[in-house]
Participant: 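One structure is given below, represented as structure tokens, and several questions about it will come after.
Only this structure's heavy atoms are used, side chains among them; waters, hydrogens and symmetry mates stay out. Computed from a prediction, not measured in an experiment: that's the story for all the values here. The sequence lines fix the lettering, A, B, ..., with proteins before strands; numbering per chain opens at 1.
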Number of protein chains: 2
Amino acid sequence: MIRYSGQTRVLVAVDCIIFGFDGDHLKILLIQRGFEPEIKKWSLMGGFIQPEESLDQAANRILKQLTGLEGVYLEQMQAFGDPKRDPLERTIGIVYFALIDIHQYEKQISHEYHAEWFLLDLAPNLIFDHAEMVAMAKQKLRYKAALHPILFELLPEKFTVPQLQNLYEGIYGASFDKRNFSRKLLSTGLLIRQKEKDKENSKKGAFYYILDKERYKNNFQAFFNFVPNPENLIL
Amino acid sequence: MIRYSGQTRVLVAVDCIIFGFDGDHLKILLIQRGFEPEIKKWSLMGGFIQPEESLDQAANRILKQLTGLEGVYLEQMQAFGDPKRDPLERTIGIVYFALIDIHQYEKQISHEYHAEWFLLDLAPNLIFDHAEMVAMAKQKLRYKAALHPILFELLPEKFTVPQLQNLYEGIYGASFDKRNFSRKLLSTGLLIRQKEKDKENSKKGAFYYILDKERYKNNFQAFFNFVPNPENLIL
DNA sequence: ACAAAAGTGTTAGCTGTACACCCATGA
DNA sequence: TCATGGGTGTACAGCTAACACTTTTGT
């Protein structure tokens with residue numbers, strides 16, 4: 001087979017930043033690396049790209065290996081290519097970030113990787129440049145969530161407005177007026193109120209809502225303004 | 001040297017989408033590919049990553065090779081990794097997009113690559129998946145320019161408000177009210193009016209402005225709303 | 001009865017947008 | 001003097017944000 005001559009070939013790894021929300025805090029799922037170098041240190045879940053798979057396929061495969069989940073929100077973020085980022089051998093790292101329902105994950109967890117959820121702001125030291133990747137993903141999530149309705153991906157199918165508000169408040173480290181929040185949210189027309197209430201978090205109970213998937217798809221690219229005074233936030 | 005065993009190494013190419021604005025239309029700079037496969041076909045400017053350079057360095061090198069320019073706006077966009085995207089050998093393509101002042105380029109052009117500017121919507125057929133890359137870059141540019149003041153990068157140091165409005169109108173294929181446009185723009189405080197006027201495009205002449213670089217840096221991450229009715233645009 | 005969280009309505013200020021006229025100049 | 005493009009002000013509508021009270025129910 002003819003190939004390009006005189007060029008260096010390198011490893012390409014796909015790393016996944018997996019976000020989850022436990023009801024109070026935003027978390028990321030980390031694993032203990034199973035091979036040298038840096039064995040046993042905390043790391044993002046990743047893997048080398050295989051000969052016959054695309055980048056998206058690799059990311060989905062890696063996510064499934066760890067969480068058992070398929071069809072979740074997964075987006076390519078950025079490629080990292082410092083020549084020294086992996087001390088053993090040059091590796092280009094292509095980072096994806098995923099938003100999953102943390103409770104779904106708990107049902108299907110694979111224990112093979114010694115994975116653990118960490119509070120986003122209290123994560124342990126990570127190998128290589130993974131901390132930089134996580135920092136960028138956090139920025140990106142804030143940025144994107146301010147404009148597009150992606151945070152639903154972190155919640156179960158049925159969720160309440162106060163839960164969603166908690167999530168936004170957690171992500172932006174700010175508190176929003178609940179009347180304005182609820183009005184803005186419901187005015188998108190993306191939510192369908194259910195008959196049942198969530199009685200776990202209050203005596204009165206809060207109505208469950210589900211996403212109107214059709215409208216969600218159609219409205220995804222529209223600009224929203226889910227965060228009051230976005231110019232005051234550090235993105 | 002110890003290496004990761006049993007893994008496939010692949011080529012990594014960096015491809016640059018170079019945008020320019022001729023005063024009326026948004027254009028991209030394409031080259032005629034100089035080697036097989038697909039020799040002589042139109043292509044983005046690209047090159048394989050070298051052993052000791054980072055991705056950003058590679059992109060800057062490639063941009064400089066073609067245009068002679070340094071220090072221009074350059075942003076990593078997306079990695080493309082379909083296993084069959086290059087028929088000769090598997091190659092991961094990492095795409096950057098650059099915004100340059102087309103007139104600067106003309107001063108420093110390298111003729112080595114048979115480069116030509118094409119109207120964005122009338123570009124020729126491109127090799128591999130380059131057309132997909134360009135389509136994505138166009139979307140991304142529209143998206144980003146609606147929120148951040150990046151289009152200055154396409155203009156000379158001194159520019160007029162009508163020029164800038166032309167640029168926005170070209171990019172969004174829409175026409176904006178000049179009173180509202182000018183007010184919105186000047187209210188950002190990013191522009192400093194000069195004493196001279198551009199007399200080339202009108203008898204009365206239009207004041208030149210320059211960017212307040214300090215404020216530009218500080219305000220870059222703030223949200224703007226440069227495009228009226230953004231929800232009507234297809235991004 | 002009381003504590004705790006859910007749910008809802010009004011107003012004032014601001015921002016976005018529509019719209020029309022005068023100005024400066026070269027031909 | 002006229003045609004061309006540059007520059008500006010105002011008014012209305014819609015949105016954002018600030019703000020407080022009632023409802024429900026478990027204990």
Side-chain angles (χ1 to χ4, degrees), chain A residues 23-24 146-147 149 155 158-170 172 174-210 219 222-233, chain B residues 23-24 146-147 149 155 158-170 172 174-210 219 222-233:
Chain A
D24 292 312
L147 298 166
L155 293 174
K158 294 193 304 185
F159 51 86
T160 68
V161 173
Q163 272 171 22
L164 198 50
Q165 182 168 353
N166 253 335
L167 174 52
Y168 273 88
E169 292 185 338
Y172 294 102
S175 55
F176 307 138
D177 182 274
K178 66 176 173 174
R179 291 159 288 190
N180 293 335
F181 183 85
S182 139
R183 184 158 359 100
K184 196 180 280 192
L185 191 71
L186 296 176
S187 74
T188 63
L190 292 177
L191 300 190
I192 303 168
R193 189 159 104 174
Q194 304 303 103
K195 299 229 166 84
E196 322 92 71
K197 284 182 162 191
D198 162 38
K199 309 277 269 183
E200 291 197 4
N201 297 298
S202 75
K203 292 159 186 166
K204 183 178 179 182
F207 281 107
Y208 280 119
Y209 286 81
I210 59 169
N219 280 328
F223 284 112
F224 289 102
N225 179 13
F226 277 121
V227 180
N229 295 318
E231 64 278 4
N232 296 332
L233 295 170
Chain B
D24 293 311
L147 297 166
L155 293 174
K158 294 192 305 185
F159 51 86
T160 67
V161 173
Q163 272 170 22
L164 199 49
Q165 181 168 353
N166 251 335
L167 174 51
Y168 273 88
E169 293 186 337
Y172 294 102
S175 55
F176 307 139
D177 183 273
K178 66 177 174 173
R179 290 158 291 192
N180 293 335
F181 183 85
S182 143
R183 182 158 2 105
K184 196 180 280 191
L185 191 71
L186 297 175
S187 74
T188 62
L190 292 177
L191 299 191
I192 304 168
R193 189 158 104 174
Q194 303 304 103
K195 301 226 166 87
E196 323 91 71
K197 285 183 161 189
D198 162 38
K199 310 275 269 186
E200 291 197 4
N201 298 297
S202 75
K203 292 159 186 169
K204 182 177 179 180
F207 281 108
Y208 279 120
Y209 286 82
I210 60 170
N219 280 327
F223 284 112
F224 290 101
N225 179 14
F226 276 120
V227 180
N229 297 316
E231 65 278 4
N232 297 332
L233 295 170

Participant: Between the base of dG9(D) and the side chain of R183(B), is there a donor-acceptor distance below 3.5 Å?
Facilitator: yes
Participant: Mark yes or no for whether E196(A), through its side chain, and Y208(A), through its backbone, hold a donor-acceptor pair below 3.5 Å.
Facilitator: no
Participant: Identify, residue by residue, the members of residues 197-210 of chain B with a heavy atom below 4.0 Å from DNA chain D, and return them in order of residue number, or none.
Facilitator: N201(B), S202(B), K203(B), K204(B), G205(B), A206(B), F207(B)
Participant: May I ask you to verify if any side-chain N or O of K178(B) is less than 4.0 angstrom from the OP1 or OP2 atom of dC19(C)?
Facilitator: no
Participant: Relative to the 5' end of DNA chain D, which residue comes earlier, T160(B) or N180(B), by the nucleotide with the nearest heavy atom?
Facilitator: T160(B)
Participant: How long is the line joining CG of L185(B) and P of dG7(D), in whole Å?
Facilitator: 12 Å
Participant: When the ring planes of Y168(A) and Y172(A) are compared, do they come out parallel, tilted or perpendicular, using 30° and 60° as the limits?
Facilitator: parallel
Participant: If we ignore hydrogens and angles and just use 3.5 Å, is the side chain of Q165(A) paired with the main-chain N or O of S182(A) as donor and acceptor?
Facilitator: no
Participant: Between C1' on dG6(D) and CG on L186(B), what's the gap in Å once rounded to a whole number?
Facilitator: 13 Å
Participant: Rounding to an integer number of Å, can you tell me how far F176(B) CZ sits from dC19(C) C1'?
Facilitator: 18 Å
Participant: Taking N and O atoms by type only, does the side chain of R179(B) place a donor or acceptor under 3.5 Å from a partner on the base of dA20(C)?
Facilitator: yes
Participant: CG of N166(A) versus P of dA4(C): gap in Å, rounded?
Facilitator: 17 Å
